[in-house]
Structure formats: C-alpha cells, structure tokens
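These numbers come from a predicted model, not from an experiment. Reminder, nothing fancy here: chain letters follow the sequence lines and each chain counts from 1.
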Amino acid sequence: MFPEDGMERYDPKTIEARWQRVWDDERAFHVPNPAEGEISEREKTYVLEMLPYPSGELHMGHVLNYTLGDVVAHMRRRSGYAVLRPMGYDAFGLPAENAAIREGGHPRVVAERNIEAIRAQMRRMGWAIDWEREVSTHEPEYYRWTQWLFLRFFEHGHTYRKEAPVKWCPKDQTVLANEQVIDGRCERCGTEVEAKSLEQWFFRITAYADRLLDEMSLLEDWPERVLTMQRNWIGRSEGAEVVFRIDELDAEVPVFTTRPDTLYGATFFVLAPEHPLVPRLVEGTPQEREVLDYVRRAGARSTVERETKEKDGVPTGRTITNPVNGEQIPVWVADYVLMEYGTGAIMAVPAHDERDFAFAERYGLPVRVVVEPAGGDSAPEQGVFVAHSAGERLVDSEQFSGLPSPEGKRAIVERLERDGNGKQVIAYRLRDWLLSRQRYWGCPIPIVHCGACGLVPVPESELPVLLPEVEEFLPKGRSPLAAAEEWVRTTCPSCGGEARRETDTMDTFVDSSWYFLRYCDPRNDEAPFGRDVADYWLPVNQYIGGIEHAILHLLYARFFTKAMNDMGLVGFREPFLRLFNQGMIHHLGAKMAKSKGNVVEPNLYADRHGADALRLYVLFMGPAEQDKEWQDTGIEGTVRFLHRLWRLVHEQVERGGPAQAPSGGALARKTHETIAKVTDDVQRRFVFNTPISAVMELVNEIARAPEDPAARFATETAVSLIQPYAPHVAEELWQRLGHERLWEEPWPVADEAQLRRETFELVIQVNGKVRDRVQAAADLSREELVELARNSPRARAFIDGGSVRQAIVVPRKLVNLVVG
RNA sequence: GCCGAAGUGGCGGAACUGGCAGACGCGCUGGACUCAAAAUCCAGUGCCCUCCGGGGCGUGUGGGUUCGAUUCCCACCUUCGGCACCA
C-alpha cells in the first residue's frame, strides 16, 4: 500500500494461517478437565453452539453462530474463566444416506468426507475451539454410549415398544416423531405424511410433561417465544374424565373434558373413527355397513384433508348414558375427534363448543344452553352458541344451576368422583417420542427379540452393536438392516436360544440429546462421561443456535437430562441455562438456498477478504437475533476498518509513544469509555454490533489525534478489544506492538476514575424543544444550571415576553424551561 | 381465529432507565493526491424553507398521558413467526 514508507501491507491470508498454526502448536484453546477428585479453583464457562449437521459446506448461518460463541468464549477466557468450547458433528441421518444412494457408495464414506470438508472450513475461520474434544455421533466410540444410554432408559421404563397409530413419510420410507411433522408434512422433505398403525419404539417423554413445564423456572435466560412454543407443544390442560355407559353392551366409555360444568348440555356423543369400541358398537346393526365405510374413508384421508374439510360423521344408532342425569344421547362417529388426544371420545356440548356446534348445525342435533354469560338477567336463549366468558353461571343443571362456572366444575367433578363416574385429570397435547426409524444410517437399537424371553437388552459388554455392512441402503418400508440376515440372526443373551436383532435404528435426535455431555469426557471408554466431570462443566452456560430447534432438539435434550438426573447419571436438571437464537442471513431477499442460487459462500469471502473481516461483518450487520440481508459492500466496510487499524498501529509503533496514558485527556477517557461499552454490551446485553461500532469510533478518534499522549494506549486497547472479533489480525498487531499472546492477556477493565467528566454539554430546552447547548461544570447545582439556561441568548429569544413558569432539571443532562 | 415479535434517512442499523433522533457502517456528492484510474485522505449528506443568522417538520397511522414520547397507554394498518378440530 505504502511500499515507499516501508510499511508492510495487511495481508489476511498469511497472518491468519500463521496464527492458526501457533494456536494449534501451543494448544491455545485446549482446556483440561479438573484433576480427578478435585474441583477446579477456576470458575468455568461452557459455551456451546448447536451440533452441526456436516453437509460438507459451511454456510453463513454457521459463521454467525460460531462467531457469536467465539466472542463470548474469548472474553470469558480472558476474564479468567476455564472455558469449554468444543465441536462435533451430527453425522448420522438421511442426507448422508440419500447422498450415498444417489451417488453410490457408503453413507459412512459420504459422512466422513463431508466432515473433513466442513472441519477444514471451520478451522479457516479461526474459531477458538478445543479440537481435542471433537466427537462425531456416527463413530462406534460415540454411538456405543448412545446405545448404553438407551439401555439405561429401557431399564428404567423410559423406553418401551408398542403398537400405535404413527406418522409415516412415504418418501423417506420411515416413521416420524410428532415433532417432525409440520402441518401434516414431513419436516425434512415436505411430503404429506400418512397415518399407519405400527409397532414402534417410544421414549416416555410424556411422563416428564409437568417437569418440562415447571422446571423452566430453573432456566436463567431463554427467549420467551421458545418457552411459549414449548408450552404450547406440551399443551397441558386441566379437566375431568367423565365415564359414560352403554348398558346394552355393558361398555364404559370415558371422555376427557375441560368443561365438566357443561355436562348437562351434552346432547350427543362422538367417537373417533379409530376408537376400538366402534366395530363392536355397530356389529349386527343396520348402521354397521355405513359406519365401517365411514371409518375406512376417514382412515384414507390425509391428515391435512382431515383438518381442513367440513366436519362430517355418521350416527351409530346407539345411545349412551350421561352419568349426571341419566339421559340417553345418540352416539356418532366423526373424524373431528382425534384418537391421539384425550380418550378418543368426547361428550358433545354444541351450545358451548364451536366444533360441536358446527357439527350439530350440520346434522340438526339439539343445542342446549347450560351456561349463561355474566349479568344474564333473563332466561338464556336456547339453541345458540354461547362463547366462554368470565363470570358465567350454570343454568338448567339441576342442583348446580346458579353456580359460577369454576365452582360448577368443582362441584360436578366431586359428584362424579363420589359416584365413581369420573375424576379430575390433566391431559397433554405432548405425545411420547417415537424414536425408531426404518433407515440404515443411524444408531442401531441394542435389543434382541427372543421368542421365549421377549425383548432382551444386549449386555453392556457386547456394546456397541455395530451397524452391519449391507449392499443396499434403499429403504423399502422396513429397515435396510433387516437384509443383513447373518447379523440379524443371533442368540438370546438371556436364554441362549435363537433370537433376532432389532433392525430399526434411532432417530438422530437421540444422538444429539446427550452430545453436550460427551464433550466433557470425550475419550472415556468406560462410561459415556464421568459424573464429576459432567457436574463440573454442565449445565451449558450459553447455548447458541437457530430457532428451528425450539421444540425438537431442545425439548428432547431437556427430557434426556431430566431422565439422566433421575437415574443418578448427572446432578443437574436442565442442560442449557441461557439460550440465544441467532437470526437468519438472507441474500437477495430470500433465505439462502442452493435451489435459489443465492448462497453466499463463507470460504469465498475468507479467501478474498480474510476470516477476520468476515467474522466482523456478520456481527456488525445488525442485532444477532434478527434476520438480516447480506450486502457485499457491507463486508468491504469491515475490510477497510481493519486496514485502517493496521496502518494506525504501524504509525504508533513508529512514533514509539508511551504505553501508559497520562490521565485526564479526552482520548484516554474515550478509551476507557470504549472498554466499558464493549464489555457491557456483550456481557449484559448480549449485543455484538454496537461494540464493533464503539471500537470503530475509538479508532477514528485516534486517527484524528495520532500525536495525543494517550494515542499509544488507545491503539493497544483497540487491538485488545477487537481480539474476540478479529483474533488473527489482533494477535499480529499485538505482537507488532511489542507484546505476545493476546489471547492470554487479561480482558481490559475500565478505570472508573477516568470515566468521570469535569464538564458536560448542557442541553437547554424551551417548552421541550432544544434551543441551545452549552458546556457546564459537572458539579453545578440545579439552581446554577437553571441560571445558565435562562442566560442563554438563544433560549432567551424563545422565552421572549413570556415568563418561565417551571424549570425541569435532569442532572448532567438538560434543563427544560417551561414558558407560558 | 388466537398468541408473540417488529415497523426509524437512499440502505444495514444506533439511541440501554421517558431527556440532544439518525452513533457506526454502506451508498451518494464535492475536494486533495494521480498523466489517469484504483486505493487512501478531507468535507458534506433525514425532509422542506432560508435574507445562510436560522426556522419548520420528522421514528407505520390516528389519538392519549407528560414539562418532555422512537421509548409508556389505547385503537388501527403492514410485515414476519408460532399455534390452530387438542375437547
């Protein structure tokens, strides 16, 4: 740039490669575990970003995600904490398997090739990661412990196998967990899912529903919307189970309702088409054909269709007895009642439930009002829909009439309980987590099916159950593992007889539900992790990732942690104390996607401008939690800034000014203000764009007064403050300033004494409008400030003939003269 | 439909607890350097008016509270996200 000055040009490529090598050689970011049996003296911080799926290509979302974590980790480490910041790969799963099917070859080869590629790109970004703790979920050394944990869950009854209606993705040829179905479509491929009844493996996450809600109180800082989404997903609702009877069949049919106070308004009864009682109910009746026909048609409807069409159903010809008044009401079958929720049957109260009302309207069923809104003085109109409201009272409900709704609920439930016709219950929307998948590239389920002994766990000594080698990965409705006949055929660990291995593999979300624990103790070959070491590092202090896992991964990991806590494997109940969701980086107005051709590749920019400029830019763009738009010209601004800083440092080295700043000067004060701002912004506010602005301001100030006695001090501080954001160039400049190892240098602390000002700019307002600004001594009294304002000629012009009726003084800020 | 978040210059954004709206950066305009260009540096840059002193308006829209509102309250508009036959 200025070769005639002999100043070396800022060349990010060389600098970045050099410092990455130094960090590796010196194991700069390796953190040892506290020695056995002794808790480390140093306070710890666990900074973690969500486990990446190794697609082979790093994208901008990763860059933002890991750079955020990097800044936090650097600052924490330089503030004296032992910082755990590991990295690994969520390597099992469909993308690698599908790529292998498409291109031929083995999913493992695809996955490992991708890992190599993405690791190289990550290292290029210079993140301060302890690479010695790297793990990948597809390695037998890892999935051995996934299996081990599965068996502990199995022993404790957290895992079970049952036949149940499940969601099936016809494209991926596998079942899905409820959480992986979005609007009736497969979360991965968007194919409409089908309903099937299959025998599958489940985690009993529903047993933890209440704790997943209640223990949110243990979390330090999670985005409110994530908590809301989880609460909605769990869907806890308090109500009652009410038992209706069909005497002719000697059958009891319980329903769940949140409105037991409306029991007298039940005018019909509805069973889900899948309800097991339906065939017996209509057997040999004139309605049999029509009802079974309806059931068949409902079964063929897609979830989407079922949810969007007009409500329909068929009468069964049977009646059922309302336990409170003995009334006989007709039983219908309709698919607006879902088998998965409650008991698969409802009492229909059309006057007080919109869905029941719509159904009653269509089929001309009676509508009986039994609750009147607050302040109803005349008898309620019959046959209409009455929305739920505060202060409502029961009517036409025998002895319960007149009770306010909440008391009515209580009284009716008490009566039901006394008569053995019901009880208070809580229903959840949350379903158990379906964990088995009919695909190859996943963790094998370590179970043996024995004709004599049933489901037998594989003994711990035989773990891992390795994935068998097969020729064909294409799924055909059953797991490709089933084709490895020799592998499938085994002996029962319990009785020694012939037995067959489980051929389903686990949902990859199982792998990622405990990876944050493996990082504590990644090479342990006797246990998934040592409890002491886990209890030292965990819970994660700062977790960072995308909002897409608001329910899926985050709910599963919380469940796993709680179950492990119950089993005595860990001493804490929540895995992630603070959660941060970064926004998405868009380009050309849309989410980056290969199919749209608008992907901005980080590597390209790292090569062109350096990783430091890229890291700075993704943070400088705007608030980290907001979605934002990539601008090529934007990164050029950060490039320019680094060049400017580079020149400034060299100029200061040339000048050789004193490193210690004399106190009291404007530049010295600005420097301390910058330290305070940069530190506070990250630590308290978790914002990353304004600290960069603050350092830019400081650099601008230095450039304006390079001969200031505080210039050298200001320059060194700027380099030190920018280190978490642009670590390579900061390290290089630090060395050129005559120091070493900036990453080990304590984080700067602002000197309170230097922050104090002797004068300030007093803003003078007249009737709320700024009319003048004057310098004022910091220690002036309120009266003196008002005098100063009154004497301002500019303010006077606006006071004119009027009199000052009031003066508002904000100390060290402004005076507002109210003139009337 | 319900719940939530957001709306500020040409653009990304700042203003943290009700007290100077537009920090920082991009872009643009003018100038310096150069044979020229790039790079760099300097100055300017919300809109309107101006006698060049300054004045008026301005944070989605309309109202309110207040000495004072981007910030608090009410209503509405727009965008985005979540939930949505859950009994």
Side-chain angles (χ1 to χ4, degrees), chain A residues 1-2 9 182-183 223-226 228-233 235-237 239 255-259 262 270 272 306-311 334-338 340-349 352-356 358-359 427-431 547 550-551 616-617 620-623 625-638 640-641 643-644 647 677 680-681 684-685 687 689-700 703-704 761-773 794 797 804-820:
Chain A
M1 183 163 313
F2 297 121
R9 196 194 157 91
I182 314 287
D183 292 333
E224 199 48 48
R225 63 173 171 158
V226 173
T228 304
M229 283 164 77
Q230 292 208 356
R231 276 190 210 107
N232 287 345
W233 188 260
R236 180 184 202 270
S237 57
V255 300
F256 173 75
T257 177
T258 53
R259 297 293 308 274
T262 63
V270 189
R306 210 168 144 159
E307 281 176 17
T308 48
K309 70 170 175 57
E310 204 187 334
K311 288 182 188 26
D335 68 359
Y336 80 92
V337 174
L338 310 174
E340 306 96 87
Y341 186 75
T343 61
I346 62 155
M347 62 176 209
V349 184
H352 305 292
D353 182 290
E354 270 187 276
R355 297 151 300 176
D356 296 344
F359 194 81
Y428 300 90
R429 208 188 84 109
L430 181 70
R431 307 262 59 88
I547 187 70
I551 295 168
L616 269 176
Y617 179 54
F620 184 65
M621 285 172 90
E625 71 278 9
Q626 279 174 28
D627 289 357
K628 41 207 155 270
E629 173 77 15
W630 177 270
Q631 305 275 353
D632 267 2
T633 50
I635 190 169
E636 283 159 24
T638 58
R640 239 171 272 175
F641 165 69
H643 276 283
R644 206 169 146 85
R647 283 195 306 271
K677 168 140 186 85
D680 182 64
D681 274 358
R684 183 178 59 86
R685 301 175 64 203
V687 298
N689 50 333
T690 47
I692 297 171
S693 299
V695 177
M696 286 175 169
E697 277 186 58
L698 179 60
V699 167
N700 291 345
R704 241 169 255 140
E761 193 181 57
L762 177 70
V763 172
I764 299 168
Q765 295 184 337
V766 178
N767 288 336
K769 295 198 178 204
V770 179
R771 297 303 181 186
D772 200 3
R773 297 157 223 258
R794 285 161 187 262
V804 176
R805 306 212 306 209
Q806 198 188 347
I808 282 117
V809 180
V810 181
R812 300 176 66 91
K813 276 215 176 94
L814 65 74
V815 170
N816 184 17
L817 302 173
V818 184
V819 177

Report the base-pairing partner of [N] (Watson-Crick or G-U wobble, both distances below 3.5 angstrom), or none.
| N | answer |
| --- | --- |
| B/G18 | none |
| B/A32 | B/U40 |
| B/G27 | B/U45 |
| B/U59 | none |
| B/C83 | B/G1 |
| B/G7 | B/C77 |
| B/U65 | none |
| B/G53 | none |

| field | B/G46 and B/G58, which share atom name C1', separated by this distance in whole Å | value |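 It works out to 8 Å between them.
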
| message | With rounding to the closest Å, how many angstrom separate the P atoms on B/A87 and B/G18? | response | 39 Å

With a non-hydrogen cut-off below 4.0 angstrom, is [X] in contact with a base, only sugar-phosphate, or nothing?
| X | value |
| --- | --- |
| A/N689 | sugar-phosphate |
| A/E354 | nothing |
| A/V349 | nothing |
| A/R771 | sugar-phosphate |
| A/K769 | sugar-phosphate |
| A/V770 | sugar-phosphate |

| field | Nucleic acid footprint by protein, nucleotides 24-30 of chain B - heavy-atom cut-off 4.0 Å, B for base, S for sugar-phosphate alone | value | BSSS---

Could you list, one pair per line, each protein nitrogen or oxygen that sits under 3.5 Å from a nitrogen or oxygen of nucleotides 64-67 of chain B, together with the distance?
from  : atom 1 : to     : atom 2 : distance (Å)
B/C67 : O2     : A/N816 : ND2    : 2.4

| task | Taking the side chain as every heavy atom from C-beta outward, state whether A/V818 and A/N767 have any pair of such atoms under 4.5 Å apart. | result |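 They are in contact (side-chain heavy atoms under 4.5 Å apart), so the answer is yes.
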
| task | Could you please name the option among B/A21, B/G19, B/A87 that lies closest to any side-chain atom of A/Y341? | result | B/A87

| message | Given B/G54, B/C16, B/A87, identify the nucleotide with an atom nearest to the side chain of A/R794. | response |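 Selected nucleotide (nearest to the side chain): B/G54.
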
| said: With a cut-off of less than 4.0 Å, is there a side-chain N or O of A/R685 near OP1 or OP2 of B/A15? | reply: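 Yes, because at least one side-chain N or O of A/R685 sits under 4.0 Å from OP1 or OP2 of B/A15.
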
| request: Based on the glycosidic angle (syn within 90° of 0, else anti), state the conformation of B/G12. | output: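 Glycosidic conformation of B/G12: anti.
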
| request: Indicate syn or anti for B/G82, taking the glycosidic torsion and treating anything within 90° of 0 as syn. | output: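 B/G82: anti.
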
Whole-Å distance between [N] [atom2] and [X] [atom1]?
| X | N | atom1 | atom2 | result |
| --- | --- | --- | --- | --- |
| A/D627 | B/G12 | CG | P | 13 Å |
| A/I182 | B/G81 | CD1 | P | 13 Å |
| A/K628 | B/A6 | NZ | P | 15 Å |

| query | RNA chain B: A/K309 or A/E629, which has the more 5' nearest nucleotide? | reply | A/E629

| Between A/Q626 and A/E761, which has a closest nucleotide on RNA chain B that is more 5'? | A/Q626

| query | In terms of ring plane angle, is the pair A/F359 and A/Y336 parallel, tilted or perpendicular, where the classes change at 30° and 60°? | reply | tilted

